[in-house]
Amino acid sequence: MFKYSEIREENEKMAREYDKKIVDMLAAGDYEGVFSIVDDFDNGWAKENLNELAETMEMDMKDNDIRISPYDIAEIPDITYKDGSKYERELILYYEESYDFHYDCDLLPTDLTLMLDFIYSNGMYKVVFYDIHQM
């Protein structure tokens with residue numbers, strides 16, 4: 001949980017700090033740590049799914065002979081799309097008529113994406129683990 005700011009960029013900065021911690025834990029194989037720093041779970045996840053998540057991710061990385069890179073060490077691909085836009089590792093989507101937002105971050109160099117929701121309530125943001133999705 002973290003305190004809400006009137007400034008959107010401040011909230012996004014705090015979300016990135018959570019993301020960085022989680023990506024670094026995933027890079028270290030600390031799946032239990034990930035589940036300990038989020039406030040809630042969505043999309044059918046619960047702490048009971050921890051082993052399932054770990055097994056699925058480890059199998060995918062072993063099959064592809066890759067490991068998740070720590071947040072600050074990951075090599076960001078320099079990709080320009082046909083429309084002229086550039087690849088961005090992170091995507092933030094705000095929900096209409098609320099302060100809530102969804103945050104995606106690619107777990108480089110894998111094809112996995114960490115998905116978090118930040119739900120505003122009583123002056124605070126609750127960090128909700130949504131999914132780790134294979135793109």
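All heavy atoms count here, side chains included; hydrogens, waters and symmetry mates do not.
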Does the side chain to side chain contact (heavy atoms under 4.5 Å, CB included) test come out yes or no for Tyr95 and Asp117, once each step is laid out?
CA-CA 10 Å; Tyr95 296 109; Asp117 282 327; 3.0 Å; yes
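- The minimum heavy-atom distance between Pro109 and Ser69, with the atom names listed, is CD-OG, 3.6 Å.
- The two residues Lys86 and Asp78 come nearest to each other via the heavy atoms NZ-OD1, 2.8 Å.
- The structure places CG of Asp19 at 7.0 Å from CZ of Arg89, a figure rounded to the nearest 0.5 Å.
- With rounding to the nearest 0.5 Å, the separation of CD1 in Ile92 from CG in Leu116 is 10.5 Å.
- Under the ring-ring contact (aromatic ring centres under 6.0 Å, His included) criterion, the residue pairs touching residues 14-35 are Phe2-Tyr18, Phe35-Phe41, Phe35-Phe129, with sequence neighbours excluded.
- Contact record, Met1 with Asp39: N-OD2, 3.0 Å, taken as the closest heavy-atom pair.
- When hydrophobic clusters are built by joining Ile, Leu, Val, Met, Phe, Trp and Tyr residues whose side-chain heavy atoms come closer than 4.5 Å, directly or via intermediates, Ile132 is not grouped with Leu108.
- Because its NZ or CZ atom is not both nearer than 6.0 Å to the ring centre of Tyr71 and within 45° of the ring axis, Arg16 does not count as a cation-pi partner of that residue.
- Hydrophobic clustering keeps Tyr130 apart from Met57 (ILVMFWY residues linked when any side-chain heavy atoms are closer than 4.5 Å, directly or through intermediates).
- Under 3.5 Å, the side chains of Asp106 and Tyr87 contain a donor-acceptor pair of N or O atoms.
- Across all their heavy atoms, Pro70 and Val23 have their closest contact at C-CG1, 4.3 Å.
- Here CZ of Arg67 is found 4.5 Å from CD of Glu58. Values are rounded to the nearest 0.5 Å.
- In this structure, Glu88 places its CD atom where only 12 or fewer heavy-atom neighbours from other residues, nucleotides or ligands lie under 6.0 Å away.
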Just do the side chain to side chain contact (heavy atoms under 4.5 Å, CB included) check on Thr56 and Gln134 with the steps written out, would you?
CA-CA 10 Å; Thr56 301; Gln134 186 172 19; over 6 Å; no
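- The environment of Glu17 atom CD is dense: over 12 non-hydrogen atoms of other residues, nucleotides or ligands sit within 6.0 angstrom.
- Following chains of ILVMFWY side-chain contacts shorter than 4.5 Å, one can reach Met61 starting from Leu107, so the two form part of one hydrophobic cluster.
- The distance from atom CG of Asp60 to atom CD1 of Ile66, rounded to the nearest 0.5 Å, is 6.5 Å.
- Neither Met115 nor Leu53 shares a network with the other; the hydrophobic side chains, linked directly or stepwise wherever heavy atoms of I, L, V, M, F, W or Y lie under 4.5 Å apart, form separate groups for each.
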For the pair Met14 and Glu9, evaluate side chain to side chain contact (heavy atoms under 4.5 Å, CB included) and give the outcome as yes or no after the intermediate values.
CA-CA 9 Å; Met14 290 299 297; Glu9 291 80 15; over 6 Å; no
When you look at Tyr99 and Tyr125, which way does the ring pair (Phe, Tyr, Trp, His ring centres under 6.0 Å) test go after all the steps?
CA-CA 9 Å; Tyr99 296 113; Tyr125 272 111; 7.8 Å; no
Check step by step if side chain to side chain contact (heavy atoms under 4.5 Å, CB included) holds for Thr110 and Asn64.
CA-CA 8 Å; Thr110 72; Asn64 294 297; over 6 Å; no
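- Between Tyr103 and Phe118, the two ring planes are perpendicular [angle over 60°; tilted spans 30° to 60°].
- Nearest heavy-atom pair across Tyr120 and Asp100 is N-OD1, 2.7 Å.
- Proximity of Ile22 to Val38: side-chain heavy atoms (C-beta onward) are separated by under 4.5 Å at one or more points.
- Side-chain contact between Lys13 and Asn11 is absent, with no heavy atoms from C-beta onward closer than 4.5 Å.
- Atom CG of Asp83 has more than 12 heavy atoms from other residues, nucleotides or ligands within 6.0 Å.
- Remark: Arg8 is positioned above the aromatic ring of Tyr94, its terminal NZ or CZ atom under 6.0 angstrom from the ring centre and at most 45 degrees off the axis.
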